[in-house]
Peer 1: 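For reference, the structure I am asking about is given below.
Within every chain, numbering begins at 1; the chains are lettered A, B, ... in the order of the sequence lines, protein sequences first and strands thereafter.
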There are 2 protein chains.
Amino acid sequence: MNKNKRVTSYDVAEAAGVSQSAVSRVFLKGRSVSKKTREKVLATAKELGYKPNAIARMLITKRSGMVAVILSSRANLNYPEVLSLLNKRLSAKNERVLLFNLDDADGLDDILEQIWTFQVDGVIALAAHFDNDSINQFKDHNIPVVLYNRRASGHSASSVCCNHEQGLTELVSLLDDNNHKSYLIVGGPEQSDVAQERLDCSINALAQKGHHKVPVRYGDYSYESGRLAFAEWMQKNKAPTAVICGNDTMAIGVIDEARENFGLNVPEDLSVVGFDGVSAVAWHSYRLTTVKQPLEQMTKAAVDILLEQIESPDNPAQLRVWSGTLIPGNTVAPAKDES
Amino acid sequence: MNKNKRVTSYDVAEAAGVSQSAVSRVFLKGRSVSKKTREKVLATAKELGYKPNAIARMLITKRSGMVAVILSSRANLNYPEVLSLLNKRLSAKNERVLLFNLDDADGLDDILEQIWTFQVDGVIALAAHFDNDSINQFKDHNIPVVLYNRRASGHSASSVCCNHEQGLTELVSLLDDNNHKSYLIVGGPEQSDVAQERLDCSINALAQKGHHKVPVRYGDYSYESGRLAFAEWMQKNKAPTAVICGNDTMAIGVIDEARENFGLNVPEDLSVVGFDGVSAVAWHSYRLTTVKQPLEQMTKAAVDILLEQIESPDNPAQLRVWSGTLIPGNTVAPAKDES
DNA sequence: TTGTATGCGTTATCAA
DNA sequence: TTGATAACGCATACAA
């Protein structure tokens, strides 16, 4: 038990009576080592408690074995699941996750700074605040990046996205088929690109069905903000018959607010739809009608694309888009006749 | 834009007409550098796009600036919040989070292996599977570790815990005060130490109030498992008047199952309590009576203790325990007279 | 298959 | 305050 000094490959080499490079080769796969020395080295390594130093290895191989994952805490409620899946898939490919939390835009420079110095092999970005300028910096630094649910303008970075347009078109069609004419949209945070895209898609889909000038309120993706948005709307306006929400959590907030403070039954008096397909949408009290993102496929693609770009940096950036799955739920019903 | 070669301190030194060590000193605080050379170096560094290589720095300073955070995806629902807080506090102290997911016990050796090689400065462990043997390995490797909601036997590692005993005693007292006599416990996964501790505390607290041989069913902390546990119990037994759950998510599952499939009203027919204080307990349909863990304080303490141990490895391990806060909620009511 | 020698990009030490 | 030089612990080209 050497307390003060780490065991190095030299120590093992000396104890095993071989050269340092022999030790090094034993711990790399695909190098030619005789069975005899391999066993000898492995034995003494175990005895001395030797573990290769990944830091030194990084320095020489110029691969850190680490991928930076950037996320914002206030992003969608499904991010824990996404993070967990990404981590699992990356470690299967022998890459570790170095975590970065981006909550206010002014922290961005800090984070980018750290990413450069840490020599990560690649970046997966789920964060809300992320302008094209920042994305281009990755290109300058020659480090592959995959955007998650965020499209890069131009071809500067690869993206893995859920098809918000398709999902929202389905949701809107469903509402329209149920004869809804009076809508309210509760959008996510205005700085968020995903939120903005969902909002645009909602508005377009509604317009295609002939519903124009649909009012919009904004929340921050949280339950409370959903309640608040609906309450504020109701203070000065009459109730819509359908609410389209920027994510599931706000939708649940809208449902609760409508039921508790305005005596509205969902879905009889008010239809509500969300987006994401978080686990709580299956809870009995809500059974939210929503669109589920294919997290399994999306996270797998994100990792695959990133590793491909790491291996072949000159490959062109690619965009992969996945359709969401409509979850019928129980929060949409035919609009009551208003006449 | 050097595409193929990273800019090093030598490049900057040459361009600025100073020595490499001068460049190095400029990027370290507290070193003596004249204002003149500092400015010159900073300017050319910016011009060339130089960023110090953290890997090389790690190798020489023997500090990686990384803390390993180990967690299991099936652990408590509040882990995402914990992770986010830990990340925030650690980056404030200039440490990055290297994430490890420990889902099956046999992955443990792999993870430990990686932790040694990555030379992390310290470890924060939230994982369920974590025996004393593994904990001792950290001591052997001379790497500080703080356990989160998991007590180390002996004094091998520091711990930050929520006082489950106090919390559950409060919950049990509340139920007992409401005259409940027929209990069911829905515990968390049997391999989880936290779940086991909560279970033991529940049983002890009940025993102190004179309730013995309380039946136990097990879930895996998920909503579905809560529903299932309650449903299975009801198949062969009569309804309890109170259910004590190992976490909030299962409690919500129990509530929904009782309401939907057994026509029980909560809290009138059935009282239910949880543990954790996740955000969903505030949702209108549940208003769960539970105990909230002081995440802010616990995560702060975990980081503070860890950094202290990193600075002074000989400091003794410490244990800090925090009381939870009873959230009254709306899922406990007086027991109906059974006579 | 094995060993020697060199380099990765820093920080630390010491003399100037 | 500055610069030369030696680590740090490994991988790799090359010679044997």
Side-chain angles (χ1 to χ4, degrees), chain A residues 2 4-42 44-45 48-65 113-114 116-121 141, chain B residues 2 4-42 44-45 48-66 94 114 116-121 141-142:
Chain A
N2 294 339
N4 298 321
K5 207 162 164 297
R6 265 189 70 94
V7 184
T8 75
S9 53
Y10 281 101
D11 301 328
V12 177
E14 192 178 8
V18 298
S19 74
Q20 179 267 333
S21 35
V23 177
S24 175
R25 279 191 282 260
V26 169
F27 286 90
L28 297 173
K29 54 184 162 191
R31 308 300 156 108
S32 64
V33 196
S34 72
K35 179 174 266 178
K36 195 169 143 195
T37 55
R38 153 165 284 123
E39 282 166 1
K40 192 163 48 177
V41 166
L42 246 31
T44 61
L48 299 182
Y50 169 72
K51 304 283 154 59
N53 183 331
I55 307 290
R57 180 177 289 170
M58 292 178 202
L59 189 58
I60 187 109
T61 61
K62 292 162 180 300
R63 285 243 346 217
S64 63
E113 197 76 24
Q114 295 193 12
W116 313 144
T117 68
F118 269 84
Q119 316 264 97
V120 295
D121 298 334
H141 285 260
Chain B
N2 294 341
N4 298 321
K5 209 162 162 296
R6 266 187 70 95
V7 184
T8 74
S9 52
Y10 281 101
D11 301 329
V12 177
E14 193 177 8
V18 297
S19 74
Q20 180 271 334
S21 15
V23 178
S24 175
R25 278 190 285 261
V26 168
F27 286 90
L28 297 173
K29 53 184 163 191
R31 308 299 155 110
S32 62
V33 195
S34 73
K35 178 174 265 177
K36 193 170 146 194
T37 56
R38 151 165 286 123
E39 281 166 1
K40 192 164 45 179
V41 167
L42 246 31
T44 62
L48 298 182
Y50 167 73
K51 304 284 155 57
N53 182 329
I55 308 289
R57 178 179 292 168
M58 293 177 202
L59 188 59
I60 187 86
T61 61
K62 293 160 177 297
R63 285 236 356 208
S64 63
M66 302 189 294
N94 209 27
Q114 295 194 11
W116 314 145
T117 69
F118 269 84
Q119 317 266 95
V120 296
D121 297 335
H141 284 259
N142 231 8

Peer 1: Nearest-Å distance, NZ (A/Lys40) to P (C/dT1)?
Peer 2: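 Whole-Å distance recorded here is 15 Å.
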Peer 1: Please state how far atom CG in A/Asn53 lies from atom P in D/dC8, giving the value in whole angstrom units.
Peer 2: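 Taking CG of A/Asn53 and P of D/dC8, I get 12 Å after rounding.
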Peer 1: Quick one: is D/dC10 close enough that its OP1 or OP2 comes under 4.0 Å of any side-chain N or O from A/Ser9?
Peer 2: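 True: A/Ser9 side-chain N/O within range (under 4.0 Å) of D/dC10 OP1/OP2.
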Peer 1: What integer distance in Å separates A/Gln20:CD from D/dG9:C1'?
Peer 2: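 Roughly 8 Å, once rounded to whole Å.
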Peer 1: Output yes when at least one side-chain N/O atom of A/Arg31 is less than 4.0 Å from OP1 or OP2 of D/dT12, else no.
Peer 2: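 So the side chain of A/Arg31 is within the cut-off, an N or O lying under 4.0 Å from OP1 or OP2 of D/dT12.
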Peer 1: If you only use heavy atoms from C-beta on, which nucleotide in D/dC10, D/dG3, C/dG3 is closest to the side chain of A/Ala22?
Peer 2: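 The answer is C/dG3.
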Peer 1: Would you mind reading off the distance between B/Arg25 atom CZ and D/dT5 atom C1', rounded to a whole angstrom?
Peer 2: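 To the nearest whole Å, that distance equals 13 Å.
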Peer 1: Which nucleotide, D/dT12, D/dG9, C/dT11, lies nearest any side-chain atom of B/Leu59?
Peer 2: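 Comparing D/dT12, D/dG9, C/dT11 against the side chain of B/Leu59, the answer is D/dG9.
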Peer 1: Does A/Ser21 get its side chain close enough to the base of C/dT4, under 3.5 Å, for a donor-acceptor pair?
Peer 2: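 Answer is yes: a donor-acceptor pair is held.
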Peer 1: Take A/Thr37 and A/Ser34 through the side chain to side chain donor-acceptor pair (under 3.5 Å) test and state the conclusion after the steps.
Peer 2: CA-CA 6 Å; A/Thr37 55; A/Ser34 72; 3.0 Å; yes
Peer 1: Kindly say if A/Lys35 contacts the phosphate of C/dT1, meaning a side-chain N or O under 4.0 Å from OP1 or OP2.
Peer 2: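 For C/dT1, neither OP1 nor OP2 has a side-chain N or O of A/Lys35 closer than 4.0 Å.
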Peer 1: When all nucleic acid strands are considered with a 4.0 Å heavy-atom cut-off, which category describes B/Ser32: base, sugar-phosphate, or nothing?
Peer 2: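 Contact class for B/Ser32: base.
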Peer 1: Hey, are the side chains of B/Phe27 and B/Val41 touching, using non-hydrogen atoms and a 4.5 Å cut-off?
Peer 2: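 Side-chain contact under 4.5 Å: yes.
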Peer 1: I'd like to check A/Val23 versus A/Tyr10 (side-chain heavy atoms, cut-off strictly below 4.5 Å). Are they in contact?
Peer 2: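 No, too far: nothing below the 4.5 Å cut-off.
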Peer 1: Between B/Ile60 and A/Ser19, just flag the one whose closest nucleotide in DNA chain C comes earlier from the 5' side.
Peer 2: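 Of the two residues, A/Ser19 wins.
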Peer 1: A/Lys62 NZ to C/dG7 P: how many Å, rounded?
Peer 2: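 About 13 Å, once rounded to whole Å.
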Peer 1: Using a heavy-atom cut-off of 4.0 Å across all strands, would you classify A/Val23 as base, sugar-phosphate, or nothing?
Peer 2: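 It contacts nothing in the nucleic acid.
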Peer 1: Would you tell me if any nitrogen or oxygen in the side chain of A/Tyr50 comes within less than 4.0 Å of OP1 or OP2 on D/dC10?
Peer 2: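 Checking D/dC10 against A/Tyr50, a side-chain N or O does come within under 4.0 Å of OP1 or OP2.
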Peer 1: Can you spot which of A/Gln20, A/Arg38, A/Arg31 makes a side chain to side chain contact (heavy atoms under 4.5 Å, CB included) with A/Arg25?
Peer 2: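 Checked A/Gln20, A/Arg38, A/Arg31 against A/Arg25; only one passes side chain to side chain contact (heavy atoms under 4.5 Å, CB included): A/Arg31.
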Peer 1: When the distance from CZ of B/Arg6 to C1' of C/dT10 is rounded to whole Å, what number comes out?
Peer 2: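 Rounded to the whole Å, the gap is 12 Å.
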Peer 1: Nearest of D/dT2, D/dG3, C/dG3 to any side-chain atom of A/Val18?
Peer 2: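 Selected nucleotide (nearest to the side chain): C/dG3.
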Peer 1: Where each residue is assigned the nucleotide of DNA chain D containing its nearest heavy atom, which of A/Leu28 and B/Lys36 is assigned the position nearer the 5′ end?
Peer 2: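 Going by which nucleotide is closer to the 5' end, it is B/Lys36.
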Peer 1: Rounded to whole Å, how long is the line connecting atom CH2 of A/Trp116 with atom C1' of C/dG9?
Peer 2: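 Rounded to the whole Å, the gap is 19 Å.
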Peer 1: Any idea which heavy atoms bring A/Leu48 and A/Asp11 closest together, and the distance?
Peer 2: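 Heavy atoms only, the tightest pair is CD1-O, 4.0 Å.
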Peer 1: Think A/Ser24 has a side-chain N or O under 4.0 angstrom from the OP1 or OP2 of D/dG9?
Peer 2: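 No, A/Ser24 has no side-chain N/O under 4.0 Å of OP1/OP2 on D/dG9.
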Peer 1: Phosphate oxygens OP1/OP2 of C/dA12: is one of them under 4.0 Å from a side-chain N or O of B/Thr61?
Peer 2: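 Answer no for this pair, as no side-chain N or O of B/Thr61 is under 4.0 Å from OP1 or OP2.
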Peer 1: Which of parallel (below 30°), tilted (30 to 60°) and perpendicular (above 60°) describes B/Trp116 and B/His141?
Peer 2: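 Answer is parallel, since the angle falls under 30°.
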Peer 1: Expressed in angstrom and rounded to an integer, what is the separation of A/Met58 atom CE from C/dG9 atom P?
Peer 2: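 Distance check: A/Met58 CE to C/dG9 P gives 15 Å.
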